[in-house]
Amino acid sequence: MKVTFPHMGNMSIAIKGLLTDLGLEVVPPPPITKKTITLGVRHSPEFACFPLKINMGNFIEALDEGANTIVMAGGTGPCRFGYYAQVQREILLDLGYDFEMIVLEPPQGQLSELTDKLKELCGERSWPHIMRALHNAWRKVKAMDAIHARSLQVRPRELQKGDTTRAYEQALQLLDEARTPAATSACLRQGLELLNKVPVQHDKEVLRIGIIGEIYMVLEPFANLQMEKVLGEMGVEVDRSIYLSHWIKEHLVLSSIGLKGSKDTKKAAAPYLQHFVGGHGWESVGDTVRYARRGFDGVVHILPFTCTPEIVAQSILPTVSREQGIPLISFSLDEQSGEAGFRTRLEAFLDLLKQRKTQEKLG
Amino acid sequence: MSVTVGIPRALLYYHYYPGWEAFFRALGAEVIVSDETTKAILDQGVRDAVDEACLPVKLYLGHLANLRDKKVDCIFAPRIVSVERKKYLCPKFLGLPEMARFCVDNLPEMLDVEINVHQKYQETHKGLLKLASRFGQPAAKAREALAAAKKAQEQYEAKLRQGYTPRDILEKRTEPAGGGNVRVAVMGHAYNLNDSYISMNLLARLREMGVDVVTSEMLRPQEIKRGTHSLQKDIFWTFGKELMGAALHLHEQGEIQGMVLVASFGCGPDSLVCEMVERVYKRAKKIPVLLLTIDEHTGEAGVVTRLEAFVDMLRWREAI
């Protein structure tokens, strides 16, 4: 069994580690490139959302490199993600690939629906062994998120453009190689140190912007045109509303044992949206309100083109922005998105925020 | 004077209007439906909606504005989350009351009761009774209204299964449909197929060409269920499941000569459901499929030409 999986930001580091620890032969998909996108777009439904298309590119490239088993997550809707795997499987079968697809679905009633699939994947491994592997993977996800959050604070203040990104990538490299929870903790410390050593201008005044939107588009830099890096290097301190660790805790762990996660976001959204709409539409509305309350200078909303839950949010967000007094810009991205137009719109948005800030100081 | 309740002639109107009408009538309200779709109504909706919203949502917003201009006392705009167990409607229906409120200015009171049969059956029932109490009627009357709604809805659905389209029934046309010499399945959301403006009169046009039209409403629930049996995972959208089940059932039965798939541009669920349907049909290579994607820019001439060519092709195949 040669296992592969789709990319989503740094997630591959944790998944690759986890599957390796489980004693599986892993063929991670090659890093996402233009070619990945071209392949994915060519073989996906035209109006499918961008994440599905990138997934397809990942699968095709990994299968071409010898993978024969795909591990994919599922869902119960109403967001399209819950039906990705079924469509992707049919397309890959029509393309003539010979493979197995293991879809990990959130349990609908019985936990055994999920554990059976895990057992299928792990074969003869004992439960304690599996638990240890999961524990280390969880540690890694949390460590990566901590390093990421720190990099977002350092980048806008760096003296030499690119230093932060280099240190960040080095830190991730360290984590990639950590095989035990103890090693992961040590790497986390080292990684944070690397970032802390980046020469910065401490008293620099920076804009603070929150990023909201659909999880894949927020987490995958190739899909969001390196939004965080671009903003950071323009001197903006970015705050990300969604982290993988957060998502795992709320959607996989807490919800599967019947507990609801943090209610803050939903409470904040209540005057504008009172019901979940699938995906991250509800959170997008709530997080915007929260960023406004926390005194952020602006919010950037990212969604994949044709994402219905985010379109619901998009219909509501202009009112939220006006009433809460926080400027907001929405980027609907897919394979057609041009970098130049994107940068221009971002720059114009930042100019507006700067002006607003100066006026506030004067007024 | 009685209270006037406005119901937009869009989205779920084609699924549930008879039930809704009976409910409000039983409560002593006057029901006012928005006008038939016109270019002006659609244009208004396009202006009010965000660019990326799908055509049916834009149209819905246009119909809300139409009702506002008719000065109705309130508008029935329910949040329909689920109408059966473990199934949802498309995400847009889950946030529809808010989309309406924040996109269309100066709307009258909105009756935005939540319908969630999957997770909140009891609360849904209570919510409806509470809604009924707003019309100043005793509780017994409210329960009567619910029963009347259920009866009217059941009669409507029974009639659909006799081969009438929602439009046939809502317009009280009673002549038997069909009788054409080619049988074509027309698969798509009722709110697209039955709005004669945005569907460019698709169903009527096909019938004029001598085509016997089958839609998913005309199939029995068991047939739709049988159709979805071969799927590895149940589809969690009610309408997606119906489309898929109907398409697969008709494919297995082999009693149709062709299928027209109608999707609106950018429709999330359809982008996956229609892809699956097309793949099944293409693999078997028995029944030709015509895919029509419609939005507010679709030109009528192009659609008509393609339809005519498709029906001609089906006739030639039959002749050979």
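The chains referred to below are lettered A, B, ... by the order of the sequence lines, with proteins before strands, and numbering in each begins at 1.
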Mind checking the [atom1]-[atom2] spacing from [X] to [Y]? Nearest 0.5 Å is all I need.
X	Y	atom1	atom2	value
B:Asp51	A:Ser315	CG	OG	10.5 Å
B:Phe102	A:Leu317	CZ	CG	10.5 Å
B:Leu94	A:Leu273	CG	CG	9.0 Å
B:Leu272	A:Glu90	CG	CD	12.0 Å
B:Arg279	A:Asp94	CZ	CG	4.5 Å
A:Glu46	B:Ser271	CD	OG	10.5 Å

A:Glu100 atom CD, over 12 foreign heavy atoms within 6.0 Å: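 Open: at most 12 neighbouring heavy atoms sit under 6.0 Å from CD of A:Glu100.
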Proximal component of A:Glu105, with respect to chain B [non-hydrogen, under 4.5 Å]: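 For A:Glu105, side-chain heavy atoms alone lie under 4.5 Å from chain B.
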Chain B contact via A:Ile91 - side chain, backbone, both or neither, heavy atoms under 4.5 Å: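 A:Ile91 touches chain B through backbone and side-chain heavy atoms alike.
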If you count heavy-atom pairs under 4.5 Å with chain B, which of [options] comes out on top?
options	result
A:Gln314, A:Arg89, A:Glu310	A:Arg89
A:Ala48, A:Gly82, A:Ala85	A:Gly82
A:Thr306, A:Leu52, A:Val103, A:Leu303	A:Thr306
A:Pro45, A:Cys49, A:Gly278	A:Pro45

Is [X] in contact with chain A via its backbone, its side chain, both, or neither, using a 4.5 Å heavy-atom distance?
X	result
B:Glu114	side chain
B:Leu89	backbone
B:Val81	side chain

Flag for B:Arg79-A:Gln274: side-chain donor and acceptor within less than 3.5 Å: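 No pair is found: no donor N or O on one side chain lies under 3.5 Å from an acceptor on the other.
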Flag, side chain of B:Glu52 to backbone of A:Ile311, donor-acceptor distance under 3.5 Å: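 Not confirmed, B:Glu52 side chain does not pair with A:Ile311 backbone.
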Validation row: A:His275, B:Asn116 side chains within 4.5 angstrom (heavy atoms):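 Contact flag for A:His275/B:Asn116 side chains = yes.
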Heavy-atom side-chain contact between A:Gln86 and B:Leu231 under 4.5 Å: no
Evaluation steps, side-chain contact (heavy atoms from CB on, under 4.5 Å), between A:Phe47 and B:Thr293: CA-CA 10 Å; A:Phe47 299 123; B:Thr293 306; 3.9 Å; yes
Residue pair A:Thr319, B:Arg101: steps toward the side-chain contact (heavy atoms from CB on, under 4.5 Å) verdict: CA-CA 10 Å; A:Thr319 312; B:Arg101 197 167 111 213; over 6 Å; no
Option that, when pairs with chain A are counted at under 4.5 Å, heavy atom only, ranks first among B:Lys233, B:Met276, B:Glu275: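 Heavy-atom pair counts peak at B:Lys233.
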Plane angle bin for B:Trp237 and A:Tyr83 - parallel if under 30°, tilted between 30 and 60°, otherwise perpendicular: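 Judged by the thresholds at 30° and 60°, the geometry between A:Tyr83 and B:Trp237 is tilted.
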Set of residues satisfying salt bridge (Lys or Arg N to Asp or Glu O under 4.0 Å) with respect to A:Glu120, sequence neighbours excluded: none
Minimal non-hydrogen separation, B:Gly95 against A:Val312, with atom names: CA-CG1, 3.9 Å
